[in-house]
Amino acid sequence: MKIAYRLYTVVPKLVKFVDHLTNWYVRMNRRRLKGDGGQEDCKTALETLFSVLYTMIRMMVRVYEDKVVSVQL
């Protein structure tokens, strides 16, 4: 039995979520990102955003890979 995964229905929602998350974080940390709290604070804010986005993308890839492997078996 083949299971069809319609990624075209999921991917736009994930992209929209990442966009909203990024915009929210930048709005909430605008002063930190401009360097008002010092260079180290700005670096920490950017590292936090990177870490969250990177981890989320890695999780999405794992879910996608699991589905592809299960469909191919």
Side-chain angles (χ1 to χ4, degrees):
M1 181 172 115
K2 267 193 168 178
I3 300 173
Y5 291 100
R6 294 177 180 90
L7 291 178
Y8 59 86
T9 61
V10 176
V11 171
K13 293 176 184 177
L14 292 175
V15 170
K16 189 175 182 178
F17 173 75
V18 169
D19 187 47
H20 285 296
L21 176 66
T22 304
N23 286 334
W24 171 82
Y25 186 81
V26 168
R27 270 189 262 123
M28 298 302 289
N29 292 286
R30 185 161 298 181
R31 288 186 177 159
R32 291 179 70 197
L33 295 171
K34 284 184 178 180
D36 290 352
Q39 189 174 4
E40 191 63 34
D41 191 39
C42 178
K43 183 180 174 186
T44 302
L46 288 171
E47 287 174 349
T48 301
L49 179 60
F50 172 80
S51 177
V52 168
L53 293 174
Y54 184 72
T55 302
M56 192 172 58
I57 290 168
R58 286 180 51 205
M59 289 178 2
M60 286 183 215
V61 168
R62 286 188 180 173
V63 168
Y64 173 73
E65 287 175 345
D66 289 344
K67 292 188 184 303
V68 170
V69 169
S70 66
V71 170
Q72 290 177 354
L73 296 178

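Note: hydrogens, waters and symmetry copies are ignored here, and every other heavy atom, side chains too, is used. Just so you know, these numbers come straight off a predicted model, no measurement behind them.
A side-chain donor-acceptor contact under 3.5 Å links N23 to the backbone of D19.
Within the 4.5 Å cutoff, the side chain of L53 has heavy atoms near those of the L21 side chain.
The minimum heavy-atom distance linking C42 with G35 is given by the pair CB-CA, 4.2 Å.
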Distance-only criterion, 3.5 Å: show the donor-acceptor pairs between side-chain atoms of residues 44-51 and protein atoms not counting sequence neighbours.
from, atom 1, to, atom 2, distance (Å)
T44, OG1, E40, O, 2.9
T48, OG1, T44, O, 2.9

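Taking NZ of K43 as the reference point, atom CG of L33 lies at 14.5 Å (rounded to 0.5 Å).
The stretch residues 26-38 participates, sequence neighbours left out, in these side chain to side chain donor-acceptor pair (under 3.5 Å) pairs: N29-R32, R32-D41.
Shown here are the side-chain contact (heavy atoms from CB on, under 4.5 Å) partners of M28, two or more places apart in sequence or in another chain: W24.
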